[in-house]
K.L.:
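One structure coming up, written as structure tokens, with questions to follow.
Whatever order the structure lists them in is the order used to number ligands and atoms, beginning at 1.
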Amino acid sequence: MTTTHNAPWAEATSGFLPTVPDPDVEPGDGIFATMQAAVDAALLAHREYINSSMADRQRFVTAIRHAMLKPTTLNYMATQAVAETGMGNVHHKYLKNRFAAELTPGTEDLVTECWSGDEGLTTVEYSPYGVIGAITPTTNPTETIICNSICMLAAGNTVVFSPHPRAARLSIWQVRQLNRALRRVGAPENLITTVAEPSIEACRALIANPEVSMLVATGGPAIVRTVMASGKKAIAAGAGNPPVVVDAAADLEHAASCIVDGASFDNNLPCIAEKECIAVDSIADDLKRYMVSNGAYELDPAQRALLERLVCTPTGPNPEWVGKSAAELLRAISVRPPAGVRLLICETDAAHPFVQHELMMPVLPIVRADDVDAAIALAVELEHGHRHTAVMHSRDVGALERMGRAIQTTIFVKNGPSYAGIGIGGEGFSTFTIAGPTGEGLTSARHFARRRRSALVRG
Ligand code: NAD
């Protein structure tokens, strides 16, 4: 089906009339047949958006929050994300979307800096980049679109999304809902656009488009390398392999329950989720016992070997098993899952593929260390220099301090589950784009804006 765009500039722009196969798509929904058309529309939208006031921007952010927080929408996104990607847990995805909509800061994040004195008044304010190209992952497809849309629009940009092809249908539906919600509150059309058929080729076209001033990639190493080599301003949020260290001085019962909660959240898909546990030898048995009483199942060596053959390839996890539940993994190795099982644990050495690779499955290998300093040293090694996320359980403030200094991760959670680091059950705002490689850390509106200084002399 061919639809005709009714925006005033449509006829004047060659290649701008989108052919949209989805019969539900209306003009202004932001869905275009080609990446060039999606960028053109976002560029034209930006020319109009640049005249919006801060109050308008905040109103648009509020409209995004309201649209995404409708229980029917949250339910739809959670169930469809699991259905389309084949990964994750519906209840946890519901929560992640809710937190993305509630806890991502809007225009309040753009705080003007100023100096005043005998020489006058100098301010530093934030200016939009223009059109941002945002590449989103399959593991948090809708959460990233919510979070990036709020931040990027709050900072005065328009955004073209390149969703993961495995989450294409839902991402397109979501972009449509966002544009409709924005139109209802008087926003310009096409503040958020995407293509009708997301693909790697479309993503490459987005990266290469000269009208795209900034690239934001949330994903694995290949896309991080690609945007960083693009020659454009890039924010790259890449992979992690978060270790959790458990010291002899930890509250073990609390540590075990936090680790099971964090490592099983959304079937371990989050980049921040605990991926391997390093436990001081003297408390490792007690820790495992508490984990089992909190919904973990300990694999014996034969089961561990079977699971390894199933889910590991020489280069990393087998994508077929990424994001599956603990029960599904157990059934696949012919073990009847105990009621309420959330996480599989097993003892391994540090070289084991479960430890070395970012598995993104509810499988937590446990490696023993002689003492807390050996555990910290091993955690630094296993984090592979991503500088992403680390977790530690200890009541020894000195040991916590030593780990923080040694590992230097963007997020360091102490005595809580990993997701406390993104404001879920911990203080602070939320984000689903954690930019370690380019150094912005937990991104918010201010990272999607240029800093502009203005000096009034002796005014
Ligand atoms: P992925 O790298 O396979 O895909 C991410 C996006 O990049 C997708 O839109 C994909 O289509 C695109 N892409 C990938 N390779 C490309 C290439 N060569 N050329 C053009 N486009 C390309 O990642 P995924 O499996 O969807 O997500 C999981 C990965 O993302 C994990 O490594 C996880 O740690 C990471 N992640 C990081 C953060 C963070 O904030 N740091 C958040 C979520 C996920």
K.L.:
Within the 4.0 Å heavy-atom shell around Thr218, which atoms of ligand 1 are there?
P.N.:
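The atoms of ligand 1 under 4.0 Å from a heavy atom of Thr218 are 5 (C), 38 (C), 40 (O), 42 (C), 43 (C).
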
K.L.:
Should you measure from each heavy atom of His388, which atoms of ligand 1 turn up under 4.0 Å away?
P.N.:
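Listed by number with element: 39 (C), 41 (N).
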
K.L.:
Looking at every non-hydrogen atom in both residues, tell me the closest pair between Thr144 and Thr218 and how far apart they are.
P.N.:
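Answer, listing the atom of Thr144 first, then Thr218: CG2-OG1, 3.9 Å.
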
K.L.:
For ligand 1, is any non-hydrogen atom under 4.0 Å from Ser162's backbone (N, CA, C, O), its side chain (CB onward), both, or neither?
P.N.:
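Backbone only.
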
K.L.:
So if I count the atoms of ligand 1 from 1 in the order they appear, which ones are less than 4.0 Å from some heavy atom of Thr433?
P.N.:
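Those of ligand 1 that fall under 4.0 Å from Thr433 are 40 (O).
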
K.L.:
Which residue supplies the protein heavy atom nearest to atom 14 (C) of ligand 1, what is that atom called, and how far is it?
P.N.:
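The answer is Ile223 CB, 3.9 Å.
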
K.L.:
Minimum heavy-atom separation for Asn415 and His393, please, with both atom names.
P.N.:
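Heavy atoms of Asn415 and His393 come nearest at OD1-CA, 3.2 Å.
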
K.L.:
Give a yes/no verdict on whether any heavy atom in Arg166 is under 4.0 Å from an atom of ligand 1.
P.N.:
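The answer is no: ligand 1 sits nowhere under 4.0 Å from a heavy atom of Arg166.
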
K.L.:
When you measure from the side chain of Thr104 to the backbone N and O of Cys147, does any donor-acceptor pair fall under 3.5 Å?
P.N.:
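Looks like no, no N/O pair under 3.5 Å.
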
K.L.:
Verify the distance criterion only: is there a donor paired with an acceptor across the side chains of Tyr297 and Gln303 at less than 3.5 Å?
P.N.:
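The answer is yes; a qualifying pair exists.
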
K.L.:
In terms of side-chain geometry, is the basic nitrogen of Lys233 or Glu440 positioned less than 4.0 Å from the acidic oxygen of its partner?
P.N.:
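Between Glu440 and Lys233 there is a salt bridge, with a charged N closer than 4.0 Å to a carboxylate O.
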
K.L.:
Which residue and non-hydrogen atom of the protein lie closest to atom 18 (N) of ligand 1, and at what distance in Å?
P.N.:
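Ranked first by proximity to atom 18 (N) of ligand 1 is Ala222 CB, 4.2 Å.
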
K.L.:
With a 4.0 Å heavy-atom cut-off (strictly under), which part of Thr136 contacts ligand 1: side chain, backbone, both or neither?
P.N.:
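Thr136 to ligand 1: backbone contact only, side chain stays beyond 4.0 Å.
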
K.L.:
So that I can tick it off, tell me whether Arg405 and Glu401 are bridged by a salt bridge, with the cut-off set at under 4.0 angstrom between side-chain N and carboxylate O.
P.N.:
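Arg405 and Glu401: salt-bridged.
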
K.L.:
For ligand 1, indicate whether the residue Ala237 contacts it via side chain, backbone, both or neither (heavy-atom separation under 4.0 Å).
P.N.:
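The answer is both, backbone and side chain.
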
K.L.:
Below 4.0 angstrom from a heavy atom of Pro163, which ligand 1 atoms are there? Numbered from 1 as shown, please.
P.N.:
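Those of ligand 1 that fall under 4.0 Å from Pro163 are 9 (O).
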
K.L.:
In terms of residue, atom name and distance, what is the protein heavy atom nearest to atom 10 (C) of ligand 1?
P.N.:
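Of every protein heavy atom, His164 CD2, 3.7 Å lies nearest to atom 10 (C) of ligand 1.
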
K.L.:
Let me know which of Leu95, Asn267, Leu269 forms a side-chain contact (heavy atoms from CB on, under 4.5 Å) with Asn89.
P.N.:
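Testing each of Leu95, Asn267, Leu269 against Asn89, the sole residue satisfying side-chain contact (heavy atoms from CB on, under 4.5 Å) is Asn267.
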
K.L.:
Any side-chain heavy atom of Thr443 within less than 4.5 Å of one from Ile235?
P.N.:
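Yes; the side chains approach each other to less than 4.5 Å.
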
K.L.:
Which of the numbered atoms in ligand 1 are under 4.0 angstrom from any heavy atom belonging to Ala239?
P.N.:
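Here the atoms of ligand 1 in question are 32 (O), 34 (O).
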
K.L.:
Thr138 and Arg166: side-chain donor and acceptor closer than 3.5 Å?
P.N.:
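Distance-only check fails for Thr138 and Arg166.
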
K.L.:
Nearest to atom 1 (P) of ligand 1, what protein heavy atom do you find, and at what distance?
P.N.:
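Looking only at protein heavy atoms, the one closest to atom 1 (P) of ligand 1 is Gly220 N, 3.8 Å.
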
K.L.:
Output yes when a side-chain donor or acceptor of Thr193 lies under 3.5 Å from a complementary backbone atom of Ala38, and no otherwise.
P.N.:
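Judged by distance alone, yes, a pair lies under 3.5 Å.
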
K.L.:
Just by distance, no angles: are the side chains of Asn179 and Glu189 close enough, under 3.5 Å, to form a donor-acceptor pair?
P.N.:
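No, no side-chain donor-acceptor contact under 3.5 Å.
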
K.L.:
How far is atom 32 (O) of ligand 1 from its nearest protein heavy atom, and which residue and atom name does that atom have?
P.N.:
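Going atom by atom, the protein heavy atom closest to atom 32 (O) of ligand 1 ends up being Glu358 OE1, 2.8 Å.
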
K.L.:
Quick test: of every protein heavy atom, which one is nearest to atom 7 (O) of ligand 1, and how far off is it to 0.1 Å?
P.N.:
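Here the nearest protein heavy atom works out to Ile135 CG2, 3.4 Å.
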
K.L.:
Which heavy atom of the protein is the closest neighbour of atom 16 (C) of ligand 1, given with residue, atom name and distance?
P.N.:
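For atom 16 (C) of ligand 1, the nearest protein heavy atom is Ile200 CD1, 3.8 Å.
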
K.L.:
Give the residue, atom name and distance (to 0.1 Å) of the protein heavy atom nearest atom 37 (C) of ligand 1.
P.N.:
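In this structure, atom 37 (C) of ligand 1 has Gly238 O, 3.2 Å as its nearest protein heavy atom.
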
K.L.:
Counting each atom of ligand 1 from 1 as listed, which ones have a heavy atom of Pro165 under 4.0 Å away?
P.N.:
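Reading through ligand 1 atom by atom, the close ones are 11 (O).
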
